[in-house]
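All of these numbers come straight from a predicted model, not from anything done at the bench. A, B, ... follow the sequence lines: proteins, then strands. Residue 1 opens every chain. Any value given below was found using the heavy atoms of this structure, including those in side chains, with hydrogens, waters and symmetry copies removed.
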Amino acid sequence: MSGLQLEKTYDPKQVEERWYQVWIDRGYFHASVTHPGQPYCIVIPPPNVTGSLHIGHALNNTIQDILIRWRRMQGRNVLWMPGTDHAGIATQNVVEKQLMSEGTTREALGREKFLERVWEWKAKSGDTIVRQLQRLGASCDWDRLRFTMDEGLSTAVREVFVRLYEDGLIYRGERLINWCPRCLTALSDIEVEHEDTRGKMYHIRYPLADDPDTALIVATTRPETMLGDTAVAVHPEDPRYRHLIGKTARLPLTTRDIPIVGDAILVDLKFGTGAVKITPAHDFNDFEAGDRHNLARIALFDRHARMDGFALHEAQVDPSLNLAGKPVLQARSIVVDALRARGLLVRVEDHKMALGKCYRCKTVVEPHLSPQWFVKIRPLAEPAVKAVEEGRIRLIPEAWVNNYLGWMRDIKDWCISRQIWWGHQIPAWYCIPCGQRAGTLIVTSRAVGSGETLSSAWKRSITLTPKAKPIVAKSAPARCPDCKQSNPQDFYRDPDVLDTWFSSALWPFSTLGWPEQTPELKTFYPTSTLVTGLDILFFWVARMIMMGLKFMGDVPFRDVYIHALVRDAEGQKMSKSKGNVVDPLHVMEQYGTDALRFTLASLASPGRDIKLAEERIEGYRNFANKVWNAARFILLNLEGPREQVHPSNRSFPDRWILSRLNGTIRSVNQELEAYRFDRAASRLYHFIWHEYCDWYLELIKPALPDQNSPEARRTRHTLVETFEAIQRLLHPFMPFITEEIWQALPHEGESVVIQPYPGEQPDWDSKDAESAFSILEQCVTTARTARVLLNYPPGKPVTFFAWVGHERNGKILENLQGHVAHLGRGAVQVIPVDRWPSSNLLRLAAEGLTVGMVVEGDVDLQKALALIGRQREEGAAEVQRLEAKLENVEFASKAPPDVVAEHQERLKVLQRDQAILLSSEEQLREIMRQRSP
RNA sequence: AGGCGGAUAGCUCAGUCGGGAGAGCGCUGCCCUUACAAGGCAGAGGUCACAGGUUCAAUCCCUGUUCCGCCUACCA
C-alpha cells in the first residue's frame, strides 16, 4: 500500500473508518450456530440507550474486544452479543429535563404521550452509543443488537415476573422503602449512595405523661420525624429506666401520649442516652421495632418529602407550628426552634453521619412508607452463593469473592417497583368492581373536556391501597377469577414499572431468545466470560446469577472479570461537575483508537483503580507509530526473492528473534488466559520496541543491501514471517493499525481479523541464540557506555578486546564479530582471547580508546547468588570463586590521565557495578596479574 | 463500625519460587546514523511506609502501627 511507504507518521483517522466498514461488510463479526468451533460468548453490559461513550465504557469494551478477537482468531465460535439498556430513571430524567425546557411536564403530557416522547428520543439518540462502540473497534455481532425493551425481551420479562409470582417469590406489600422525592419513585437499597455528611445530634426531653418533671432524654439527628413517634424504647435490663416500661410519655409539640417499651434489639446499653424514639414510618430500624411492638405507623411526609397536613392532624401536632407543606429541612428548623422555645431541647452536638442519596440525581432519599412489589430474594440467593462457592462461577480477581458472598448472605428483599413511566410496566391488573367492594381500591372520577366520546368523558383516577389484590398474568386478563366480570374497562393495570435491573438480570438468556428454546440459547448458554466494572457487581452480576440459575438451571457465565474504575491522573473520580472527564472520543480523535485501547489494556492491572494520565496515551500513540515505521522499513526492504531455510541454517539474528518471538507468543497467550491484559500488553510493547526494533532490525540491516545474496533472501523471509506474526499477535489490542500493515505485507487470507492467532512453534526456541545474544548485548553496551562516559567522539574507531572464561564464549564472540562491529558504530575490532595475559593486547590498544571486558555469558546469576547465600556461613572456599565470577564486566582504558581525572565521579559508579576503568598500562597489568590463576 | 485493597524512582505502576530492585512517562548528556526526533544511544534517580519476628537470606512470609482508597452497614 502506497500510503505506508509515503507517510512517516501513522495517521489513524484514514485507517480506522475504512477497515471497520470492511469488517462489517464482510460479516466477520457475525456468529453462526453452525460454526464448528467451541463456542465462546460474551454478553455486553448494555450501556444506556441514550447515553454516550465514557471512559469506563471504553475500558470495559476494549477488554471484551481483546478477548473476543483473540478467541475468534483461535478458531472459537465467537459471539459477542451487543445491546442497550432502557435505563428507566436515567432516561426518564433526561426526557423530563427536555420537557422542562419546553415549559411542560410529564404529568401535563400524560403517560401515553410522554412515552411517545421517550421512544422518539430513543430513536433519535439510540444509535449514538452503538456508533461510538464501533468507533472503538468493538467486534460485536451487530446483526443481533438487542434492547431491553424490545419485544422479545419484554416477553422474557413478563414470563419471569409471572413465574416468580406463581412460585411465591414476588409479592406486593407495604414496606418502608427508599424514596427519591425528586424522581418520585422507590429505589432499591443499592440504588442509594451513602455520603458522609456533618449533621447535628439533638437531645430532646420527653416528659412522662403522669410525671412531667421526670423526662426521658432521646437523641436524634432528625428531630422533625419525632412528630411521627409512636413509642420510646429503653433497654429492658437498664436499671435506670426499666421501671418505666409500660408507662407513657408525652410526645413534645403534640397532645399525644406514647408508650415506653422495652426493646433489647433497638437499644444499645452502651450507647447514647439509653432511650430511643421509635418512628416506624421514617426509619428502617424503627419500622422493624414497630412491628415487634405492634405500633402504629405515622407517615408525616408526602411524596415530595413535604409535611402532610392530614398526617400532622392525625398525629395531633400543635397546629400553631404551621408545618403543613414544609419541606424536610424547613420542618426541622421549625421543630427545633419550637423545642428550644419550650425548654425541651437539652443540647445539640455535631455528629457525622452518612446521608443516603439517589444514585441518579443525588437528591437525599427519604424512607417512605408505600405499597411496592418485592422479590423474595433468599431462595434465589442461596443457589447463587453456592455457584460461586463451588467454583462453577469464577470471579477474577478472586478477592471479590468474599465481598460477593458477604453481600449475598445478608441480602434483603429486592424492591422492584418504580413509580416512573419508562420501563416494563408490571404485568398485574386489578378488578375494579372487586376492589371497590373490598375497599382496597379507591376510584375517583372527574369530568374531562367536552367533545370526547361518552366512555372517555369521565377520567378515572384510581388509588391502590396496600391490600389491593392483583391478578398477575402475561397479558391483560379476560375475566376476573373472583367476580367473573370480563369487561376490559374494569381491569386496572398496575401503573408501576419494573426496576431497570430486573430486565438486565435476564440479559444472558433473554438476548439469546429465551423463553423460546432457540439454537442460540443451546449453543451459547452458559456464556463464557462476563466483563464488568465493580460498581455493578451487585446491581447486575449477582442478579444475573440468581435469575440464570432459576430459569436456565445453570450459571449464566463461567468467568466474571471485574475491572477497576477509571479515575483521572490525580486519582479523582471522573465527573462532569469536576470537569476532569477524559472523553474517549476526544482521545481517539487525537491519538487514535489503537493508542487508547493499548493504554487501557496496559493499565488494567487487577485490584487497582486506573489513573488515566494523558502522557500514557501519548506514549502508546508513539508505540503505534513505532510499529508503523518498522512496517515502512520492512516494506522498503522487501524487494527481491525470499527463501525459507532449514532452522539449523538460519542466521544468528533470525534464530534469536524467532526464539524471542516464540517466548512472547507463549507469554501473551498465557497472560490472556489469566486475564492479565496489562502484562500481555507490556510484554508485546517490550518485545516489539526493544527487541524487534532496537536490536533485530538493526542487526539485519547490513544483510539487506545485496538483494540477491543468500543472506538477504533468508533475512527477508524471516522479516516477513516475524512481522506478519507480530501483526496477528498485536491485533486484538490494536486492531486497526495491524490490519493496515498486515494487508500491506505478503500474506495469505483476506483479513488479519480471521487469521489464526499465533501459537508456539517448538522449533523456534533457541537457547543458544539467546545466550549468544546476551554476550553480544554485553559487548555492544559496554563499548557504547565507555564511549559516552569518556566523551569519545561518535565516529572515531574503538578498539576493544574481551577475555572470555570459556572457550565456547570465545567462539561465539568470534562469530558475532561482524554484528559487534556494526552495532558498536565506527570501526570496531573484536579480539576474543582465552588466556591472560597477552602483551599483544597492549600493542593493539596503543591507539585510541581501548575497552576490555570479561565475558561470562553462561553464569546463572540467580543460582550463583543462592549458592553464595547458603555457603557464606560455612565459609566455603567456592564462594570467593563465585563472587569473582559475578564480576562479569570490566573496563580497561588507555584514556589519557586527565580525561580519567575529569570523570572520577563516574568511574566510582562504574566500580560499584564491578567495572573498572584503567588509566594506565601499569594498572592494566596489575589487574591481569590478579586475574590470572 | 466491620470487610477488602494499596503504600516500590519525580509521576503512573509491574514485581504470582524468598536470593538481580525493575518498566513506561518525566529529567540530564550526546546524536537529524538513508524505518521512525512521536526517534537512537547513554546516564542520573530508591532506607521497597514504619517497628518487630521467621530465615543462611525478606519488597516478597508472620505480627503490630501509620497513612490512603474502596465496599458494606450504620448507633438513636
Side-chain angles (χ1 to χ4, degrees), chain A residues 4-5 8-10 189-190 194 201-203 218-222 233 266-268 270-279 283-286 289 351 353-354 356 397 399-400 402-403 406-407 410 534-535 537-538 564-565 567 569-571 591 595 602-603 605-616 618-637 674 676 678-679 682 685-686 689-690 693-694 697-698 701 780-781 784-789 791-795 823 825-826 861-874 886 906 909:
Chain A
L4 273 171
Q5 280 153 25
K8 267 184 148 182
T9 51
Y10 171 57
D189 295 340
I190 50 180
H194 294 275
M201 178 78 84
Y202 302 85
H203 294 251
V218 304
T220 179
T221 55
R222 301 204 51 197
L266 188 64
V267 184
D268 180 351
K270 292 184 287 280
F271 186 88
T273 61
V276 182
K277 72 193 206 51
I278 302 182
T279 324
D283 181 280
F284 291 98
N285 289 320
D286 293 7
H351 182 76
M353 54 189 194
W400 298 118
N402 281 338
N403 228 328
W407 189 76
D410 194 34
L534 178 65
D535 47 341
L537 182 63
F538 301 139
L565 204 68
R567 296 167 177 278
E570 273 75 50
Y591 299 103
S602 302
L603 294 172
S605 44
R608 207 189 269 245
D609 278 348
I610 294 175
K611 292 185 198 166
L612 188 62
E614 196 154 330
E615 301 82 64
R616 269 316 263 274
E618 199 179 326
Y620 292 115
R621 186 269 319 261
N622 294 352
F623 174 58
N625 198 45
K626 188 76 182 176
V627 175
W628 180 257
N629 277 293
R632 286 179 64 226
F633 170 76
I634 288 164
L635 291 170
L636 287 170
N637 286 286
R676 287 306 301 263
D678 56 329
R679 297 211 292 204
S682 92
Y685 181 96
H686 188 264
W689 197 317
H690 297 302
C693 292
D694 285 353
L697 292 184
E698 295 305 324
K701 274 180 181 172
V780 172
T781 306
R784 286 168 173 170
T785 307
R787 188 196 290 274
V788 169
L789 287 181
N791 289 335
Y792 198 70
L823 295 179
R825 276 180 297 162
L861 210 60
Q862 295 224 340
K863 212 163 147 191
L865 284 169
L867 220 55
I868 290 169
R870 225 171 290 127
Q871 298 186 349
R872 181 169 283 142
E873 290 290 303
E874 299 153 30
L886 293 174
R906 292 175 187 168
V909 173

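Look at CG on Leu635(A): it is 13 Å from P on rA35(B), rounded to the nearest Å. Summarising the geometry, the separation between CH2 on Trp400(A) and C1' on rG5(B) is reported as 7 Å, rounded to the nearest angstrom. In this entry the distance linking CD of Glu615(A) with P of rC27(B) reads 10 Å, nearest Å. In this structure, CG of Asp189(A) is placed 15 Å from C1' of rC71(B), rounded to the nearest angstrom. One atom, CG of Asp410(A), and another, P of rG3(B), lie 15 Å apart when rounded to the nearest Å. If you measure from atom CG of Asp678(A) to atom P of rA23(B), you get 17 Å, rounded to the nearest angstrom. Atoms OH (Tyr591(A)) and C1' (rC25(B)) sit 13 Å apart, rounded to a whole Å. Atoms CD1 (Ile278(A)) and P (rA76(B)) sit 15 Å apart, rounded to a whole Å.
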Where do Asp678(A) and Leu603(A) land on the side-chain contact (heavy atoms from CB on, under 4.5 Å) test, with the steps shown first?
CA-CA 6 Å; Asp678(A) 56 329; Leu603(A) 294 172; over 6 Å; no
Please walk me through it: do Tyr620(A) and Tyr685(A) pass side-chain contact (heavy atoms from CB on, under 4.5 Å)?
CA-CA 9 Å; Tyr620(A) 292 115; Tyr685(A) 181 96; 3.6 Å; yes
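Considering only side-chain atoms of Tyr685(A), the nucleotide from rA76(B), rA35(B), rG24(B) that sits closest is rG24(B). Counting only heavy atoms from C-beta on, Cys693(A) has its side chain closest to rA35(B) among rG40(B), rG24(B), rA35(B). Among rG40(B), rA35(B), rA38(B), the nucleotide with an atom closest to any side-chain atom of Glu698(A) is rA35(B). With rG39(B), rU12(B), rA14(B) as the choices, the nucleotide that has an atom nearest any side-chain atom of Leu603(A) turns out to be rU12(B). Considering only the side chain of Asn285(A), rC75(B) comes nearest among rA76(B), rA35(B), rC75(B). Out of rA76(B), rA38(B), rA35(B), the shortest distance to the side chain of Lys626(A) is found at rA35(B). In this structure, the nucleotide among rG15(B), rA76(B), rA38(B) sitting nearest to the side chain of Arg676(A) is rG15(B). Side chain of Phe538(A), nearest nucleotide from rG40(B), rU72(B), rA76(B): rU72(B). Of the candidate nucleotides rG24(B), rA35(B), rA76(B), rA35(B) has the atom nearest to the side chain of Ala630(A). Listed candidates were rA76(B), rC25(B), rG39(B). Nearest to the side chain of Asn622(A) is rG39(B).
One distance of note links OG1 of Thr220(A) with CE of Met201(A); it measures 7.5 Å at 0.5 Å rounding. To the nearest 0.5 Å, atoms CH2 (Trp407(A)) and CG (Leu537(A)) are separated by 8.5 Å. Of the inter-residue distances, the one linking Ile278(A) atom CD1 with Asn285(A) atom CG reads 10.5 Å to the nearest 0.5 angstrom. Tyr591(A) contributes atom OH, which lies 9.5 Å from atom CG of Asn622(A) (distance to the nearest 0.5 angstrom). In this structure, NE2 in His690(A) is found 8.5 Å from NZ in Lys626(A), a value given to the nearest 0.5 Å.
At a threshold of 4.0 angstrom between heavy atoms, the contacts of Leu266(A) include nucleobase atoms, whether or not backbone atoms are also involved. Contact annotation for Asn625(A): base contact, defined as any heavy-atom pair under 4.0 Å involving a base atom. Thr221(A) comes within contact range of the sugar-phosphate backbone alone, with a heavy-atom separation under 4.0 Å but no base atom that close. Using a 4.0 Å heavy-atom criterion, one finds that Ser682(A) contacts no nucleic acid atom at all.
rG20(B): no Watson-Crick or G-U partner with both key distances under 3.5 Å is found in any strand. Shown here, rG52(B) forms a base pair with rC62(B); the pair counts as Watson-Crick or G-U wobble because both key distances fall under 3.5 Å. Pairing for rU28(B) is with rA42(B), a Watson-Crick or G-U wobble pair whose two hydrogen-bonding atom distances lie under 3.5 Å. Checking rC4(B) for Watson-Crick or G-U wobble geometry (two distances, each under 3.5 Å) identifies rG69(B) as its partner. Remark: rU47(B) base-pairs with no nucleotide; criterion is Watson-Crick or G-U wobble with both hydrogen-bond distances under 3.5 Å.
Distance check on atom P: rG53(B) versus rU59(B) gives 15 Å, rounded to whole Å. Straight-line distance between the P atoms of rA35(B) and rC27(B): roughly 27 Å, to the nearest whole Å. If you take atom C1' in rU63(B) and the same atom in rG10(B), they sit 33 Å apart, rounded to whole Å. Using P as the reference atom, rU8(B) and rA49(B) are 6 Å apart when rounded to the nearest Å. rA1(B) and rA9(B): their C1' atoms are spaced 38 Å apart (whole Å). Between the P atoms of rG39(B) and rG26(B), the separation comes to 8 Å (whole Å). rG6(B) and rU65(B) are spaced 16 Å apart, taking the C1' atom of each and rounding to whole Å. For the P atoms, the distance from rG5(B) to rC75(B) is 27 Å, rounded to whole Å.
No side-chain heavy atom of Trp628(A) sits less than 4.5 Å from a side-chain heavy atom of Thr9(A). Taking the side chain as every heavy atom from C-beta outward, Thr221(A) and Tyr202(A) never approach each other to under 4.5 Å.
Residue-to-nucleotide contacts include no donor-acceptor pair under 3.5 Å from the side chain of Lys8(A) to the base of rC36(B). The base of rA35(B) sits with one of its N or O atoms less than 3.5 Å from a complementary donor or acceptor on the side chain of Lys701(A).
Nearest-nucleotide positions on RNA chain B place Arg616(A) closer to the 5' end than the other of Arg616(A) and Phe633(A).
Within the structure, every side-chain polar atom (N or O) of Asn629(A) is placed at least 4.0 Å from both OP1 and OP2 of rA38(B). OP1 or OP2 of rG24(B) lies within a sub-4.0 Å distance of a side-chain N or O belonging to His690(A). For rG2(B), neither phosphate oxygen OP1 nor OP2 lies less than 4.0 angstrom from any side-chain nitrogen or oxygen of Trp407(A).
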